[in-house]
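Worksheet: the structure to be examined is printed underneath.
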Protein chains: 2
Amino acid sequence: MTGSADSGEGRLPARRPVTLRDVAEAAGVSVATASKALNDQGRMTAETRTRIREVARRLGFRPNGLAQSLLRRRSFTVGLLTNDTYGRFSLPVMAGISEALVDAGVSVFLCNVEDDPRLGQLHVEAMLEKRVDGIIASGKRLDRHLPVTLAGLGVPIIYAFTEPDPGSIAFVSDDAQGARLAVEHFVALGRRRIAHVTGPESFMVVHQRAAAWRAVLAEHGLGVPDGFYMSGRWSERFGHEAVAQLFGGPGEKPDAIFCGNDQLARGVVDALRERGLAVPDDVGVIGFDNWEIVAAETRPPLTSVDMNLSALGREAGLTLLSLVDGKAVEPGIRKLPCRLVVRQSCGRPPDG
Amino acid sequence: MTGSADSGEGRLPARRPVTLRDVAEAAGVSVATASKALNDQGRMTAETRTRIREVARRLGFRPNGLAQSLLRRRSFTVGLLTNDTYGRFSLPVMAGISEALVDAGVSVFLCNVEDDPRLGQLHVEAMLEKRVDGIIASGKRLDRHLPVTLAGLGVPIIYAFTEPDPGSIAFVSDDAQGARLAVEHFVALGRRRIAHVTGPESFMVVHQRAAAWRAVLAEHGLGVPDGFYMSGRWSERFGHEAVAQLFGGPGEKPDAIFCGNDQLARGVVDALRERGLAVPDDVGVIGFDNWEIVAAETRPPLTSVDMNLSALGREAGLTLLSLVDGKAVEPGIRKLPCRLVVRQSCGRPPDG
DNA sequence: CTGAAAGCGCTTACAG
DNA sequence: CTGAAAGCGCTTACAG
């Protein structure tokens, strides 16, 4: 049969997309009727409806979302502002957001603003002109602003890991709870001299995690010997330096080290091994971030606190959707729980 | 002065955006005139034009991009399909693409398809409905397809690090050239027994880099002793295993090791140190990828081949823009050059 | 120099 | 049961 319609027709790039009008003409009805047939609106004979649908299918009709959006005053797009394109934090968050939204037919504009106000401005302008239904501002730290002003834009906004405007909604992991998980795990394993090696004190999370570490120790009647708290850089190198200090001098030595991130933990584990100390038998180590590629390659593989970033992204996405739908959402900072991923660096249970 | 217009007016989220009609009414002209005034079209007294502009500015008018796009048949959006959201390859590529496009007023839809055909389908549908001007398909390997069919979509497409459809345009780094850079650097440094430790042979790049390594050696009259080529996994662990084999048995020992990625190189460097071999004095090491966070923390810091991913992304973005503008672009696979980032693991020049 | 009209591709009351 | 009309917010010939 010649002329039979197959989905391969029309591979020329320059062709005009088929419009509703094309469908209507081919089916011998008005555009209005065609529209209603395809959207399950109005009343018409089942026969007419299926015939129109059949024609639409055959022609490869795909409604123009631009026209629909104009009418509905809803673009089914949201903007994702981020300053962490190279980093590993935003990624799982972005994946979670995207996953939550794609099923609602909502697409995400990726707006990498780094720390450049010009880029921020540019992207915000573009988003607004494209009439995004909402914005997610995603960063690396709750205590730092993105290089943009988002207040009073007239668009729903959700913040994730970045400083929110007053009265808005922000998502962040519960760092204190995450840290408790790690330290309590050590305690349950029978460790009694638990040190903490972490990043610079200019980071809010450094204080939150350290406070939780101290609190758990206190709750169990454990002390913090001099030098058991070490704040420095977020680097393997500082992990090495910390071990040199912790084990180099006189005084009490730790039997466990809770680290502020996985890179520190990696440095700590390597340094311990180089000193002839066994991990976890002599010293247990737990990291933070559960950065798979570091945690899994550490020898032994690293136990680490996972911030559930992609679940957090999903939550953020769904909450934005609620906001867009006009639902009322309580403002404030929502702290989502972390989980401990146990590998081999922390030690086995006493009865294991 | 009461009623003076300030940019802070209207912070209520539910307010209607101001339209061109609002501007026209406020300025006492027709919408047509208002449009022309703002777009520098048509002829009118300079006075009228500036007055209209002033009104628009005062009202905070921002043209509705949806309406403009409908008319222009150009949405000023492109879709970025990727299956590497968690990985480190797509990121710099995405950043480069985004950077190239933002200045042209083009926004990027982030479409994470992982390896799921359902997700692929979903995102392609969404992009098509939203009338993207073009698509960039970005992956991890030129020898693997994304889980989507992109042929015959009627939209310009650029491929980056993923298998292109026949007759289309793809960007990828020049792996052979990158490998040559590394091996020639070793040769220039006076190394004569250069081994190659790399990933699985199921990867096309493994063959391309290995061939270049062999070619450079041959050009300099250098041989490949038995066991100097080791193909395994892309992991630190395999780096360790490789060193154990290279230095554990009898036979000739390498004075340089070119590694297929930075994780391998990291494993190799660590293993060499553990054996008491000095890097770079006894054995030079060069990695591939220039994954900053690994390369910089290796002791000593790793010399590595950089694929210039973000420049590649920029090229891909600009090329897509040309296609969208209807310019003819030669199809084929474009290989973009790598560069060698010299740190300390490869050794200093003989005269250094 | 300015405005009325038509139209981008669709949807939604409202008639008939 | 189906269609004509109005309209989303804009732009662009075309009149005047």
Side-chain angles (χ1 to χ4, degrees), chain A residues 14-53 55-56 59-77 105 126 128-133 154, chain B residues 15-53 55-56 59-77 105 125-126 128-133 154:
Chain A
R15 76 166 189 280
R16 278 281 203 76
V18 4
T19 72
L20 188 59
R21 166 184 251 260
D22 298 329
V23 174
E25 278 174 5
V29 296
S30 69
V31 246
T33 304
S35 170
K36 279 176 285 195
L38 298 177
N39 294 314
D40 247 328
Q41 300 289 320
R43 356 190 76 254
M44 66 189 68
T45 59
E47 191 274 324
T48 317
R49 202 181 288 278
T50 52
R51 181 166 48 88
I52 295 172
R53 292 208 163 156
V55 171
L59 260 33
F61 171 69
R62 201 187 301 278
N64 185 327
L66 262 19
Q68 294 180 318
S69 293
L70 192 56
L71 241 17
R72 296 196 180 132
R73 292 206 177 69
R74 187 105 150 54
S75 66
F76 291 90
T77 63
L128 258 22
E129 295 213 339
K130 276 154 188 151
R131 295 297 192 263
V132 291
D133 298 329
Chain B
R15 75 166 190 281
R16 279 279 203 78
V18 4
T19 71
L20 187 57
R21 165 185 252 259
D22 298 328
V23 174
E25 280 174 5
V29 296
S30 70
V31 246
T33 305
S35 170
K36 280 175 285 195
L38 298 176
N39 294 314
D40 249 326
Q41 299 292 322
R43 357 191 75 254
M44 68 190 69
T45 59
E47 190 274 324
T48 317
R49 203 183 287 278
T50 52
R51 180 166 48 88
I52 294 173
R53 292 208 164 157
V55 172
L59 295 180
F61 171 70
R62 198 187 302 279
N64 185 328
L66 262 19
Q68 295 180 317
S69 294
L70 192 55
L71 242 17
R72 296 197 180 131
R73 293 207 176 68
R74 186 104 150 55
S75 65
F76 291 91
T77 63
E125 294 287 339
L128 259 20
E129 295 212 340
K130 275 153 190 152
R131 295 296 191 265
V132 292
D133 299 328

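Quick note on labels: first sequence line is chain A, next is B, and so on, each numbered from 1. From a predicted model like this one, the values you see are computed outputs, not experimental measurements.
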Using the salt bridge (charged side-chain N to carboxylate O under 4.0 Å, His left out) rule, collect all pairs that involve residues 62-72 of chain A, keeping only residues at least two apart or in two chains.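 Found A:Arg62-B:Glu125.
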Does any N or O in the side chain of A:Lys130 come within less than 3.5 Å of the main-chain N or O of B:Phe76, such that one atom is a donor and the other an acceptor?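 Yes; judged by distance alone, with no hydrogens or angles, the pair exists.
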Keeping the roles fixed (side chain from A:Ser35, backbone from A:Val31), state whether a donor-acceptor pair exists under 3.5 Å.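 Flag not set: sc A:Ser35 to bb A:Val31 has no pair under 3.5 Å.
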Short side-chain N/O contact from A:Thr48 to OP1 or OP2 of D:dC1, under 4.0 Å: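 So the side chain of A:Thr48 is outside the cut-off, no N or O lying under 4.0 Å from OP1 or OP2 of D:dC1.
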A side-chain contact here means heavy atoms from C-beta on lying under 4.5 Å apart; do [X] and [Y] qualify?
X: B:Thr33; Y: B:Ser30; answer: yes
X: A:Leu38; Y: A:Phe61; answer: yes
X: B:Val23; Y: B:Val29; answer: no

Separation between the P atoms of C:dC10 and D:dC1, rounded to whole Å: 26 Å
Would you write the dot-bracket representation of DNA chain C, where each base gets (, ), [, ], | or . depending on whether it forms a Watson-Crick or G-U pair under 3.5 Å and with which partner? |||.||||||||.|||
Identify the heavy atoms of B:Arg74 and B:Asp133 that sit nearest to each other, and give their distance.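 That would be NH1-OD2, 2.8 Å.
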B/S/- along nucleotides 8-16 of chain D (protein heavy atoms under 4.0 Å) is BBBBBB---
Could you go step by step and tell me if A:Asp22 and A:Arg16 meet the salt bridge (charged side-chain N to carboxylate O under 4.0 Å, His left out) rule? CA-CA 11 Å; A:Asp22 298 329; A:Arg16 278 281 203 76; over 6 Å; no
